[in-house]
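Chain letters run A, B, ... following the sequence lines, proteins first and then strands; every chain starts at 1.
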Number of protein chains: 2
Amino acid sequence: MSFRHPDRDQIRIDGVLSALGSPIRLDVIRILNSGGDHNCTMVLTELGLSSKSTMTHHWRVLRESGVIWQRQSGRETVLTLRRDDLDARYPGLIDSILAGTDQDASAEAARPSQPAG
Amino acid sequence: MSFRHPDRDQIRIDGVLSALGSPIRLDVIRILNSGGDHNCTMVLTELGLSSKSTMTHHWRVLRESGVIWQRQSGRETVLTLRRDDLDARYPGLIDSILAGTDQDASAEAARPSQPAG
DNA sequence: TCGAATGTACGACTACTCTCGTACAATCGA
DNA sequence: TCGATTGTACGAGAGTAGTCGTACATTCGA
């Protein structure tokens, strides 16, 4: 299994934003950003999802846009946020996006009487 | 003509990122960020595009995600970047995205043209 | 009042995205 | 070696996004 990753200078901002313009993939990078090694099943479990094949799709989107590294290790696939590359290319971007997810959670909690919040 | 805009606290990061995860809409906010009033035709012309109905679609995406204001003024529609709202909710986000588009342009120029690698 | 300018609404079409089930390949432990 | 674990590949189906042409509503200026 060999994964295609873009080089740092092949990463494009529209690809990154498009990849992160999805609640499920935002959750993924929040989890990866928390540190430590993660394999696919760990993230899947933490998100409370069940379909491996669906996640394979999301790994590809994140990987091909340059957001994550995906590395085979034995029978597991280790997932890592490409913080160094992303920070080098787009300083402050990932930080403000991660802060934004917290901001949203607060706004959601503060907004009274929204159903299914 | 009355446009539906989200309140500041209804804006969500995934919607913003998804809206800006498109080269054409990134170009739009670059243009709007440069200051001054813009109507639809001005932006259309500056982008070198021709289809008004296609742009109506993009205005809607940008407006409903909270990225731009769209205000009727006579027979024109004035477009404005919602910098104050976006900066208040996601400090540094728009700045780093706009900087990112410049970064990409540089990387593009530095990368010796196509298949040579 | 009439025609030009401005931009939305709508329908159609194509292409892509997301999701899932099934099948399969590789690896690890007993 | 055998079975369980891990995760990709593939195909299908539903839904969404992007594009365009045409039609239409509103406004401005002559």
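Between A:Gln70 and D:dG7 there is no side-chain polar atom (N or O) within less than 4.0 angstrom of OP1 or OP2. In terms of phosphate contacts, B:Arg25 brings a side-chain nitrogen or oxygen within less than 4.0 Å of OP1 or OP2 of D:dG18. Under 4.0 angstrom from either OP1 or OP2 of C:dT17 there lies no side-chain N or O belonging to A:His58.
Within the nucleic acid shown, B:Thr77 comes within 4.0 Å of sugar-phosphate atoms alone, with no base atom in reach, counting heavy atoms only.
The nearest heavy atom of DNA chain D to B:Thr54 and to A:Glu76 marks one nucleotide each, and the one closer to the 5' end goes with A:Glu76. Nearest-nucleotide mapping onto DNA chain C: of A:Gly74 and A:Ser51, the residue sitting toward the 5' end is A:Ser51. Mapping A:Lys52 and A:Ser22 onto DNA chain C by nearest heavy atom places A:Ser22 at the nucleotide closer to the 5' end.
The side chain of A:Val61 lies closest to C:dC18 when the candidates are D:dT19, C:dC18, D:dG7. Residue A:Asn39 places its side chain closer to D:dG7 than to any other of C:dT8, D:dT19, D:dG7. Closest to the side chain of A:Arg75, out of C:dG7, C:dC20, C:dT27, is C:dT27. Taking every side-chain heavy atom of B:His57 into account, D:dG18 is the closest of C:dA9, D:dG18, D:dA9.
Using a 4.5 Å cut-off between side-chain heavy atoms of Ile, Leu, Val, Met, Phe, Trp and Tyr, with links allowed through other members, B:Val43 and B:Val67 fall into the same hydrophobic cluster. A continuous path of Ile, Leu, Val, Met, Phe, Trp and Tyr side chains, each step under 4.5 Å between heavy atoms, connects B:Ile31 with B:Leu79, placing both in one hydrophobic cluster.
Summarising the geometry, the separation between CD on B:Gln72 and C1' on D:dT27 is reported as 9 Å, rounded to the nearest angstrom. Summarising the geometry, the separation between CG on A:Leu17 and C1' on D:dA17 is reported as 17 Å, rounded to the nearest angstrom. If you measure from atom CG of B:Leu20 to atom P of D:dG18, you get 12 Å, rounded to the nearest angstrom. In this entry the distance linking CZ of A:Arg4 with P of D:dT8 reads 15 Å, nearest Å. One interatomic measurement links the two molecules: CH2 of B:Trp59 to C1' of C:dT8, which rounds to 13 Å at whole-angstrom precision. If you measure from atom CG of A:Asp37 to atom P of D:dT6, you get 15 Å, rounded to the nearest angstrom. A straight line from CZ of B:Arg60 to C1' of C:dG7 spans 12 Å, rounded to a whole angstrom. Atom P of nucleotide C:dT8 and atom CG of B:Leu62 are separated by 12 Å, given to the nearest angstrom.
Counting heavy atoms from C-beta outward, A:Val61 and A:Arg25 have side chains that approach closer than 4.5 Å. Residues B:Leu93 and B:Ile13 meet the side-chain proximity criterion, which asks for heavy atoms closer than 4.5 Å.
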Quick one: do B:Arg89 and A:Asp104 satisfy salt bridge (Lys or Arg N to Asp or Glu O under 4.0 Å)? Show the steps, please. CA-CA 9 Å; B:Arg89 246 181 105 68; A:Asp104 280 8; 2.8 Å; yes

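With A:Asp7 contributing its side chain and A:Asp9 its backbone, the two residues share no donor-acceptor pair below 3.5 Å.
Annotation: side chain to side chain donor-acceptor pair (under 3.5 Å) contacts of B:Thr77 (sequence neighbours excluded): B:Gln72.
Of the residues in residues 40-49 of chain A, none has a non-hydrogen atom less than 4.0 angstrom from any atom of DNA chain C.
Pairs engaging residues 29-46 of chain A under the salt bridge (Lys or Arg N to Asp or Glu O under 4.0 Å) rule: A:Asp27-A:Arg30 [sequence neighbours left out].
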